[in-house]
Amino acid sequence: MRISELARSAGVGISTVRFYERRGLVVPSARTSGGYREYEPEAVKRLKFIRRAQLLGFTLTEIDQILALSAGPIDVAGLDGVIEEKVGEIEERMRDLDRVRLALLDVAANGPRETCPVVAALS
């Protein structure tokens with residue numbers, strides 16, 4: 001499939017596909033005689049994974065590392081520090097989200113106040 005079909009199928013812009021291609025996250029399988037990029041259908045899943053991982057707070061470098069892990073054997077021991085750091089970030093984000101959830105539930109149950117509980121939860 002061509003880049004426009006890939007972008008449309010994955011729900012991203014063509015410039016996004018090109019950006020990920022420059023980063024090495026998405027690679028065209030071939031080029032046509034006219035120079036058009038051709039992609040395998042698997043590239044749609046890869047693009048959707050990249051976008052979802054970004055929404056969850058992973059950096060493109062971390063996403064590249066995850067994709068490398070899924071591609072084959074790799075020395076996981078060398079990633080221990082990175083893994084521990086990311087787990088810590090995720091746990092912190094979960095605590096923040098829980099505080100915001102509780103603040104929103106408080107507003108829903110008791111109505112607004114002078115001091116916004118959501119602002120207080122994130123301060």
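The figures that follow rest on heavy atoms only: side chains count, while hydrogens, waters and symmetry mates do not.
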Check the hydrophobic clustering (I, L, V, M, F, W, Y; side-chain heavy atoms under 4.5 Å; chains of links allowed) and say if [X] and [Y] are grouped together.
| X | Y | result |
| --- | --- | --- |
| I14 | Y20 | yes |
| F49 | L55 | no |
| L67 | L56 | yes |
| F19 | L47 | yes |

Spacing of [atom1] belonging to [X] relative to [atom2] belonging to [Y], to within rounding of 0.5 Å:
| X | Y | atom1 | atom2 | result |
| --- | --- | --- | --- | --- |
| I90 | L97 | CD1 | CG | 11.5 Å |
| R52 | I63 | CZ | CD1 | 12.0 Å |
| R37 | L6 | CZ | CG | 10.5 Å |
| Q54 | T16 | CD | OG1 | 8.5 Å |
| I50 | L60 | CD1 | CG | 7.5 Å |
| S15 | R22 | OG | CZ | 8.5 Å |

E89/K86 ion pair, N-O < 4.0 Å: yes

Presence of salt bridge, R31 and E38, under 4.0 angstrom: no

Pair E5-R2, side chain to side chain contact (heavy atoms under 4.5 Å, CB included): steps then yes or no: CA-CA 5 Å; E5 296 169 290; R2 291 197 175 158; 3.6 Å; yes

Is it the case that the side chain of [X] and the backbone of [Y] share a donor-acceptor pair, with hydrogens and angles ignored and the cut-off at 3.5 Å?
| X | Y | value |
| --- | --- | --- |
| E91 | G88 | no |
| R51 | A10 | no |
| R46 | L25 | yes |
| S9 | V44 | no |

Non-hydrogen side-chain atoms of V17 and Y39 separated by less than 4.5 Å: yes

Side chain to side chain, D64 and R23, heavy atoms closer than 4.5 Å: no

Check against side chain to side chain contact (heavy atoms under 4.5 Å, CB included), I3 and Y36: CA-CA 8 Å; I3 193 168; Y36 291 101; over 6 Å; no

Closest non-hydrogen atom pair, E62 against G57: OE1-O, 4.1 Å

Side chains of S29 and E40, donor plus acceptor under 3.5 Å: yes

Summary of salt bridge (charged side-chain N to carboxylate O under 4.0 Å, His left out) pairs that have at least one residue in residues 98-110, sequence neighbours excluded: D96-R99, D98-R101, D106-R113

